[in-house]
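One-based numbering, in listed order, for ligands and for the atoms of each.
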Amino acid sequence: MQTKYFVVDKDEPDLKMMEEAARLLKQGGLVAFPTETVYGLGANGLDSEAVAKIYKAKGRPSDNPLILHIANQEELVPLVTSIPANAQVLMDTYWPGPLTVVLERSRLVPDIISGGLDTVAVRLPGSKVARQLISLAGVPIAAPSANTSGRPSPTSAQAVLSDLEGRIDGVVDGGDCYIGVESTVVDCTTPVPTLLRPGGITVEMLIETLGEIEIDPTLGGSVECAPKSPGMKYTHYAPSAPMVLFEGRYSRIEDFMLEEIQRALEMGKTVGAIVSAETAQRLPENLIVAIYGQRGQTAEIAANLYTALRSFDDYSVDVIYAEGIDEQGLGLAVMNRLRKASGYKIIKV
Ligand code: TXA
Ligand code: MG
């Protein structure tokens, strides 16, 4: 299949192109589109056959449910059985934006969206291109990140094409995603809402809005308990080579990483490193280096993270060493993704 390519301005998308992309969706096709977090792979969320194509194109396990994307808050009502007060507060505060709420689903939501759960995840994205596409399609749009399952999420149309070209009907290129990590997923069916996936809306923000928040125990990195967000149990966000993550204080990480890198080089390995600009200055020359940003500039690091992880695809590195960051603010989402990308191969220093 030929993947149609539509380039649009992110603030004033060309209506003709958007209509053409929406038509592909209405016909049951798959169209990737930008959101402020990552690119999504969209299909008509009320059409089980169209949604089945998403799982096929991505190679995604069928028990991993999808997020339905809407363009206006009112479109949530027919998709759920009720809207708890907490959920309403969250939506009023953070929609449109990088927040996904999990609620009891109505019968309108096809089983294939929910992977057998009684709930549905819904998000109203901030990106204008995304909202306009959803509006023009006239239905909720099911959209996981537009990557091959297990790979880092795409934050540019180029990254979408490198995974899915020829497997999807179209991609709308609205430039790079400015947040760069996925939306925060909050389960609002529990008395106190539960954080299932850290993302663009930080825990600090959620606590400020709600007063308190439960944290799903599996987010600590323990893989023993069954995750409530089914997607969290799979290897994810991983670059093409095995990755080892260093966690701890900056100064200690730097020293331990340098030692480990030296050892790998002496063994004749081709080594990659994903690091801050500061650490990059201390690295030996014969490495493949991806810089994610300046230390402490967490928003910049989040925005660059997936491109940095994907940059190793062009080289055959034997091992990648990653520099961990502080977990405050967006740092929690960044560390969650780095831990998963490493398959929990973590060196605490
Ligand atoms: O930022 C984002 O959320 C992006 C953009 C495209 O909107 N989408 C995205 O979708 O990241 P995906 O499929 O890659 O991740 C959805 C996450 C998964 O961890 C999935 O398990 C969880 O949301 N999820 C979906 N439905 C759920 C439900 N009913 N209950 C609990 N978790 C759910
Ligand atoms: Mg994903």
Side-chain angles (χ1 to χ4, degrees), residues 31-43 45 51 54-55 57-71 79-80 94-106 109-127 129-131 133-134 140-155 159-160 163-164 171-172 174 177-190 193-201 216 218-219 226-238 302 306 333 336-337 340-341:
V31 177
F33 60 95
T35 80
E36 71 276 30
T37 56
V38 301
Y39 272 71
L41 178 58
V51 175
I54 292 182
Y55 286 94
K58 280 185 57 107
R60 181 177 173 113
S62 61
D63 63 345
N64 189 3
L66 301 174
I67 299 173
L68 285 181
H69 295 69
I70 57 177
L79 302 174
V80 299
Y94 298 115
W95 277 7
L99 174 78
T100 296
V101 294
V102 172
L103 297 167
E104 303 278 347
R105 69 171 162 135
S106 76
V109 178
D111 290 339
I112 188 167
I113 293 287
S114 295
L117 301 171
D118 299 331
T119 53
V120 62
V122 185
R123 161 156 133 82
L124 172 48
S127 147
V129 174
R131 273 184 284 137
L133 186 66
I134 300 162
I141 297 296
S145 47
N147 51 287
T148 300
S149 205
R151 298 253 306 136
S153 301
T155 50
V160 173
D163 278 16
L164 297 175
V171 54
V172 178
C177 306
Y178 77 89
I179 294 181
V181 290
E182 296 85 345
S183 64
T184 302
V185 181
V186 178
D187 181 355
C188 295
T189 66
T190 49
T194 307
L195 177 73
L196 300 183
R197 178 177 74 180
I201 301 294
D216 191 70
T218 58
L219 286 185
K228 259 184 129 184
S229 177
M232 301 312 267
K233 74 172 177 256
Y234 299 104
T235 306
H236 250 122
Y237 317 116
Y306 289 136
N336 171 268
R337 306 310 190 266
K340 287 177 155 294

- Going by the side-chain hydrogen bond (donor to acceptor under 3.5 Å, both in side chains) test, name the single residue among Glu182, Arg123, His69 that passes it with Thr35. Arg123

Using a heavy-atom cut-off of under 4.0 Å, does the side chain or the backbone of [X] touch ligand 1, or both, or neither?
X	answer
Lys58	neither
Arg105	neither
Leu196	side chain
Thr119	both

Which of these, [options], has its nearest heavy atom closest to [atom]?
atom	options	answer
atom 15 (O) of ligand 1	Arg123, His69, Arg197, Glu182	Arg197
atom 24 (N) of ligand 1	Pro34, Pro65, Cys177	Pro65
atom 26 (N) of ligand 1	Pro125, Ala121, Ala130, Ala143	Ala121
atom 4 (C) of ligand 1	Ile141, Val181, Val38	Val38

Contacting atoms of ligand 1, where contact means under 4.0 angstrom from a heavy atom of [X]:
X	value
Ser145	8 (N), 9 (C), 10 (O), 12 (P), 14 (O)
Ile67	3 (O), 8 (N), 9 (C), 10 (O), 16 (C)
Leu117	28 (C), 29 (N), 30 (N)
Gly40	6 (C)

Which atom names give the shortest non-hydrogen contact between [X] and [Y], and what distance separates them?
X	Y	answer
Tyr306	Val38	CE1-CG1, 4.1 Å
Thr100	Ser183	OG1-OG, 2.8 Å
Cys177	Thr37	CB-O, 3.2 Å
Leu41	Ile54	O-CD1, 3.6 Å
Pro61	Ser149	CD-OG, 3.7 Å

May I ask you to test the [X]-[Y] pair for a side-chain heavy-atom distance under 4.5 Å?
X	Y	value
Leu133	Ile141	no
Val102	Leu117	no
Ser114	Thr119	no

- Only counting residues at least two apart or in another chain, list the ones meeting side chain to side chain contact (heavy atoms under 4.5 Å, CB included) with Pro154. Tyr39, Ser145, Ala146, Asn147, Ala159, Val160, Arg310

- Message: Applying side chain to side chain contact (heavy atoms under 4.5 Å, CB included), can you list everything that pairs with Glu104, at least two apart in sequence or on another chain?
- Response: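 Expected list: Thr81, Asp118, Thr189.
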
- Could you name all protein N, O or S atoms found under 2.8 Å from the Mg ion (ligand 2)? Ser145 OG

- Set of salt bridge (Lys or Arg N to Asp or Glu O under 4.0 Å) partners for Arg105, sequence neighbours left out: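 By the salt bridge (Lys or Arg N to Asp or Glu O under 4.0 Å) rule, Arg105 matches Asp111.
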
- Item | With Leu99, the side-chain contact (heavy atoms from CB on, under 4.5 Å) member among Val186, Val122, Leu124 | Val186

- Message: So for ligand 1, is Arg60 a polar contact partner (N or O within less than 3.5 Å, distance only)?
- Response: yes

- Within-cut-off N or O pair, Asn64 and ligand 1, under 3.5 Å: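 Such a contact does occur with ligand 1.
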
